[in-house]
> 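The structure under discussion is supplied below as structure tokens; questions concerning it will follow.
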Amino acid sequence: MKKLLLACATVLGASAAMAETQVDIGFLRVDVPQPAVLSNLDPIPEDEGLAGATLGLADNNTTGRFLGQTYTLIDQNVPVDGNVIAAAEQILAQTDLLVLDAPAEVLLQIADLPAAEGAMIFNAAAQDDALRSDQCRANLFHTIPSHAMRADAMMQFFLARRWDDIVMIAGTHPDDVEWAAALERSAKKFGLKIRARKDWAFDADMRRNASQEVPLFTQDFGEYDVVIVADETDDFARYIAYNTWLPRPIAGSEGLRPRTWAPVVEQWGAVQLQSRFNDQSARDMRPRDYAAWAAVRAIGEAVTRTNQGDADTLRAFMLSDDFELAGFRGRPLTWRDWNGQLRQTIPLVTERAVVANAPLPGFLHQHNELDTLGIDRPESACTAFN
Amino acid sequence: MKYAISLIALLAAGALPAAADEIWVTNEKDDTISVIDIDTLEVTRTIETGERPRGIIFAHDYSVLYVCASDSDAVQVIDPETGEILHDLPSGEDPEQFVLHPDNRHLYIANEDDAITTVVDTETRRNVAQINVGIEPEGMAVSPDGKIAITTSETTNMAHWIDTETHELFANTLVDSRPRHAEFVKDGTELWVSSEIGGTISIFDVETQAPKGKIEFEISNIHPDRIQPVGFEFTNGDTHAFVALGPSNHVAVVNAETYEVEDYLLVGRRVWHMAFNADRSLLFTTNGVSGDVTVIDVAKRKPIKTIKVGRFPWGAAFRPTN
């Protein structure tokens, strides 16, 4: 017992000497006008993103309790037409760690502010590929996967299943157009081809007549293996399934979906995260919640390991080989040091199950199989990280 | 003549009381335990448990079996002879792993959902203490002298050192990502902690809680990300550790003196925990995804048999029968 007491004394002494580290993390959500959609079945939660950041903060504080580290969240929500720049500057005056749930153009405006120089800004919502390539910024990191990463996951699956005759129905919203373009680029990358594409330009209420319209709309695709539906705003995709002229699987924004996160992910201890989130927010964890959680946890992990809270130290540590985040994805999550993207697996899911988890077996890479998803070092036009 | 031989064989078998030792394996997704006869290497009994059985240990005198029925929020006490569930212990929510104190009376239980370690008195069936630890506590160990209990927390990435007299934490040591299992070795002078996502085993000097070494693993043609150490056990005299490496489907053999990895043995898919037979000549590993148990000849370092058990076998425990 004497030895034990002695040990206690040593550790208590150590913790008394340990400086308290206070880490403030900003969270800014910028509302965008939501396009009207046909169905009201799945409203977007008011606290999407923020709920993930809040859970990440609680996780950080539990760990911080043992290390003398305290985390607080400074969160703000800017309504449509609100003054985003003023809100960002206000947060950046208090902390240089900022998690953003905002569209790409707003992200870039904020990243380019003089107040953001030397800060770490985490993109937890915008999937635009350009942000990881020619539009990248040295202070901008991405925890949400890019369109390219999700598209590559989809194409790896098609290739593995030998579904090589692919057709696509794409929406006309800018997000749909961008997503459809990413899918076409990805098909090419994996030696596949999207043989035919039709744009969804209906304005009727499809709950009433999808069964009449969709068979005719898909009849002239002819023979094919799978139809991709590119509908990022969740407008019409739900009415395509079971209504196509040929009985074929549907993928993309409906049916088999490549997602950052989904309620059906339960392997690798994910159930723990899902149930912690459910207990906190009384709803399922959505991809943006996960991305915000991952950003806050990545900060926490770097603070834990370095015992520092400043953006310079954290940035250097996150980009080093020593950083890894246990993100319930079956593999350690690390940062791409050429464009600031968080590497991650992409589950391909239905409403009821995980069908596959990309990268699929057999897709090899000289450094890291996760880099078979998205913009790899040689393809990236990003120079801000050099 | 054939009959005569069979008869002799039968008589011989009858003369010895059914004496084969057993390995008990919890099947996480079947809510059962598969009992393996060590002589025949076959499953002889399947016992029903509460929901999602994971951690499994016998009382030191093997009079009862304790099972963490995680989704039933209970530790179940089972009669090993009959397989009957005798009663539940108040384990706290979602018990995953646990360890029995050398006093054969107190269970230290990791409550995965609650960031708590619960201490339960198996005699009074009361909850003696609840200790706040990091997020997703999992690995549990207690020192041979009974003075220190360890909880590892998966998301906080620490080993928490608990004084078993005061039930207070007296040290918290960081390890690599997602620590899963802890063991005291070499008469309680060293603590080993495996980190699943970090892909390492950290070794601590128990007296000072200072890091003493770190073991890394490398298997050709398998990406390091897939080499995820979870459960491990030691051979006689603590000379070697056998380490389950999860989705790499291998068990590593580590020299416990030099901390060098000497061998990698191919087993079933997603290997997690393991148990030895009485003289530690055979090792039984639970392979979650392939739903089987691999039997390893320890001296030859060779897998010798695969035994089909239930769905997602998780923990394993040895039971002598004579």
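Heavy atoms only: backbone and side chains are in, while hydrogens, waters and symmetry mates are out. Proteins get letters first, then strands, A, B, ... in listed order; numbering begins at 1 in each.
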> How close do Leu174(B) and Arg305(A) get, heavy atom to heavy atom, and via which atoms?
CB-NH1, 4.0 Å
> Please look at Arg331(A) and chain B and tell me whether the side chain, the backbone, both or neither of the residue comes under 4.5 angstrom of a heavy atom of that chain.
both
> Is Arg269(B) atom CZ crowded by more than 12 heavy atoms from other residues, nucleotides or ligands, each under 6.0 Å away?
no
> Locate the shortest heavy-atom distance separating Val133(B) from Phe66(A); write the atom from each residue and the value.
C-CZ, 3.5 Å
> Could you give the distance from CG (Asp225(B)) to CG (Leu370(A)), rounded to the nearest 0.5 Å?
6.0 Å
> If every non-hydrogen atom of Glu301(A) is compared with every non-hydrogen atom of Ser177(B), which pair is closest and at what distance?
OE2-OG, 4.2 Å
> Quick one: OG1 on Thr62(A) to CD on Glu136(B), what's the gap to the nearest 0.5 Å?
10.5 Å
> Can you find a pair of side-chain heavy atoms, one from Arg178(B) and one from Phe328(A), that are under 4.5 Å apart?
yes
> What closest approach, in Å, do Arg297(A) and Thr155(B) show between heavy atoms, and which atom pair accounts for it?
NH2-O, 3.3 Å
> Would you say CG of Asp187(B) has more than 12 non-hydrogen atoms from neighbouring residues, nucleotides or ligands within 6.0 angstrom?
no
> Can you tell me if Gln280(A) has over 12 outside heavy atoms packed within less than 6.0 Å of its CD?
yes
> Leu67(A) vs Met158(B), test: side chain to side chain contact (heavy atoms under 4.5 Å, CB included). Steps then yes/no.
CA-CA 10 Å; Leu67(A) 296 167; Met158(B) 281 181 188; 3.4 Å; yes
> Are there over 12 heavy-atom neighbours, none belonging to Gln366(A), within less than 6.0 Å of that residue's CD?
yes
> Between Arg226(B), Glu154(B), Glu196(B), who has the most heavy-atom pairs with chain A when the cutoff is under 4.5 Å?
Arg226(B)
> Ignoring hydrogens and geometry, is there a side-chain-to-backbone donor-acceptor pair from Gln228(B) to Gly330(A) under 3.5 Å?
yes
> Side chain from CB out, backbone as N, CA, C, O: work out which of these in Glu168(B) comes under 4.5 Å of a heavy atom of chain A, or both, or neither.
neither
> With side chains defined as the heavy atoms from C-beta onward, is the minimum distance between Gln272(A) and Asp94(B) less than 4.5 Å?
yes
> So which part of Asp279(A) gets closer than 4.5 Å to some heavy atom of chain B, the side chain, the backbone, both or neither?
neither
> For His367(A), is it the side chain, the backbone, both or neither that has a heavy atom under 4.5 Å from a heavy atom of chain B?
backbone
> Kindly give the heavy-atom pair with the smallest separation between Arg276(A) and Ile135(B), and that separation in Å.
NH1-CG2, 3.4 Å
> Of the listed residues (Ser153(B), Gly198(B), Pro247(B)), which shares the most heavy-atom pairs with chain A below a 4.5 Å separation?
Gly198(B)
> With a sphere of 6.0 Å drawn around CD of Glu266(A), does it hold more than 12 non-hydrogen atoms of other residues, nucleotides or ligands?
no
